[in-house]
There are 2 protein chains.
Amino acid sequence: MSWTESKQNRHPGNYVPKQPLHIECSIEKALDVIGGKWSFLVLRELFGGTKRFGELQRNISSISPKSLTDTLRHLEENGVLERTAYPTVPVTVEYTLTPKGEDLHRMLKEMKLWAAKWC
Amino acid sequence: MSWTESKQNRHPGNYVPKQPLHIECSIEKALDVIGGKWSFLVLRELFGGTKRFGELQRNISSISPKSLTDTLRHLEENGVLERTAYPTVPVTVEYTLTPKGEDLHRMLKEMKLWAAKWC
DNA sequence: CAGTATCCCTCCAGATACTG
DNA sequence: CAGTATCTGGAGGGATACTG
């Protein structure tokens, strides 16, 4: 998908950090996961438990199916959620946070605390 | 600046959250501050102390003056850094984190911890 | 030195329509 | 139901040249 590629290009290759590389790389990775336009809204839904495609689409009312798919794929590729398809007719698909995804809660909480304090 | 407006539009108005509004609004605000393409690289420079425009431009080697200006303005508008101009010839301008900006450190640390654990 | 001012162009987001 | 396919506008960002 183009999103992944473009996000990786967000900081052009000729930037050479002077401090240990893993610092900003890891921050960049975290931003890559939650920084997308819809990512944290989807994550927020899933913190409330497993959800299906249609539920997500309804709860995040202005999202298009394309954007939702893109977001879900991106989150899945990053291992923060899991997609499960059941061979019913019609098909049933569920999205659930992985432990890695659940663990994002601490990060988001800090963001919330910061904003609560300063905004 | 168009950036500010566009960022505020990132979540279209017709999305109506079902849980307390301040939760995702605050997360959104935090993301608005650090989520920009260059934001956290600039912030990272400033965590190391006050810097001048030219220093920032040199240290973040691939950034254009336009993008650097945009990023600095955006951060200034959000109150995380302060711009100080000294009437020397030629002009001297310094950028320093505000307490609000310094306080972002906790957030970024959590992001780093998450990535260190899972990536 | 620390920016503006333009131009240009890529490329993603959203809308819409369609389908296994 | 849970997505793809396709088209599109317009913002975002780089390059370059210029300036108080």
Side-chain angles (χ1 to χ4, degrees), chain A residues 1-15 32 35-42 45-46 50-77 81-96, chain B residues 1-15 31-32 35-39 41-42 45-46 50-77 81-96:
Chain A
M1 175 192 319
S2 60
W3 190 11
T4 307
E5 292 142 30
S6 72
K7 289 289 175 173
Q8 286 171 348
N9 285 339
R10 281 171 38 128
H11 301 297
N14 43 342
Y15 171 67
D32 181 30
K37 184 172 179 180
W38 302 100
S39 297
F40 89 86
L41 290 172
V42 170
E45 290 295 323
L46 295 183
T50 296
K51 295 274 183 315
R52 297 175 61 180
F53 189 91
E55 281 183 280
L56 293 172
Q57 197 173 9
R58 259 173 281 114
N59 292 352
I60 308 174
S61 47
S62 63
I63 197 170
S64 69
K66 177 176 173 291
S67 298
L68 182 53
T69 301
D70 288 351
T71 304
L72 288 168
R73 292 280 181 278
H74 183 241
L75 292 172
E76 190 186 5
E77 283 165 10
L81 63 75
E82 212 164 22
R83 195 191 102 114
T84 314
Y86 301 96
T88 53
V89 178
V91 110
T92 302
V93 179
E94 289 185 346
Y95 294 93
T96 314
Chain B
M1 178 189 319
S2 61
W3 189 11
T4 307
E5 291 141 31
S6 71
K7 289 289 175 172
Q8 285 171 348
N9 285 339
R10 282 169 40 129
H11 300 298
N14 43 342
Y15 170 66
L31 280 175
D32 181 31
K37 181 175 178 178
W38 303 101
S39 296
L41 290 173
V42 170
E45 290 294 323
L46 295 183
T50 296
K51 294 273 186 310
R52 298 173 61 180
F53 188 92
E55 281 183 281
L56 293 171
Q57 196 172 9
R58 257 175 281 116
N59 292 351
I60 308 173
S61 49
S62 62
I63 198 172
S64 69
K66 176 173 173 292
S67 297
L68 182 52
T69 301
D70 288 351
T71 304
L72 288 169
R73 292 280 180 278
H74 183 241
L75 293 172
E76 191 186 2
E77 282 165 12
L81 63 76
E82 210 163 23
R83 195 191 102 115
T84 315
Y86 300 96
T88 54
V89 178
V91 111
T92 301
V93 179
E94 288 185 347
Y95 293 93
T96 313

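These numbers come from the heavy atoms of this one structure, side chains and all, not from hydrogens, waters or symmetry mates. Keep in mind the model is a prediction, meaning the values are calculated, not measured. Residue numbers start from 1 in every chain, and the chains themselves are labelled A, B, ... in the order their sequence lines are given, proteins ahead of strands.
For B:Lys37, the listed nucleotide lying nearest its side chain is D:dG14; candidates were D:dG14, C:dT4, D:dA2. In the set D:dG14, C:dA15, D:dC1, D:dC1 carries the atom at the smallest distance from any side-chain atom of A:Pro90.
Residue A:Thr92 is the one, among B:Lys66 and A:Thr92, whose nearest nucleotide of DNA chain D lies closer to the 5' end (criterion: closest heavy atom). Of the two residues contacting DNA chain D, namely A:Val91 and B:Pro65, the nearest-nucleotide position lying further toward the 5' end is that of A:Val91.
Put simply, B:Arg73 has no side-chain N or O that comes within less than 4.0 Å of OP1 or OP2 on C:dA2. For D:dG14, the OP1/OP2 oxygens have a side-chain nitrogen or oxygen of B:Trp38 closer than 4.0 Å. Phosphate contact (OP1/OP2 of D:dG3, side-chain N/O of A:Arg83, threshold under 4.0 Å): present. Listed pair A:Tyr95 / D:dG3 meets the phosphate criterion, a side-chain N or O lying under 4.0 Å from OP1 or OP2. Regarding contacts with the backbone of D:dG14, a side-chain N or O of B:Ser67 is found under 4.0 angstrom from either OP1 or OP2. Proximity of A:Arg52 to the phosphate of D:dC1: no side-chain N or O atom is located under 4.0 Å from OP1 or OP2.
The local environment of CD in B:Glu82 is sparse, with at most 12 non-hydrogen atoms from other residues, nucleotides or ligands closer than 6.0 Å.
Regarding B:Asn59, its CG atom lies at a distance of 13 Å from the P atom of C:dA2, rounded to whole Å. Summarising the geometry, the separation between CD on A:Glu55 and P on D:dA2 is reported as 8 Å, rounded to the nearest angstrom. Between the NZ atom of A:Lys51 and the P atom of D:dA2 there is a distance of 13 Å, given to the nearest Å. The CD-P distance, from A:Gln57 to C:dA15, rounds to 12 Å in whole Å. At whole-Å resolution of the value, CG in B:Asp70 and P in D:dG13 are 8 Å apart. We find that CG of B:Leu68 is positioned 13 Å from C1' of C:dC1, with the value rounded to whole Å. For B:Glu94 and C:dG3, the CD to C1' distance is 16 Å, given to the nearest whole Å. The CG-P distance, from B:Leu72 to C:dC1, rounds to 17 Å in whole Å.
For B:Ala85 against B:Val93, the heavy-atom pair with the smallest separation is CB-CG2, 4.1 Å. For the pair B:Glu45 and B:Lys51, the tightest heavy-atom approach, listed with the atom from each and the gap, is O-NZ, 3.4 Å. Heavy atoms only, all atoms of each residue included: B:Ser67 and B:Trp38 are closest at CB-NE1, 3.8 Å. Scanning both residues, A:Arg52 and A:Val91, for their nearest heavy atoms gives NH2-O, 4.3 Å.
In this entry C:dG20 has D:dC1 as its Watson-Crick or G-U wobble partner, both defining distances falling under 3.5 Å.
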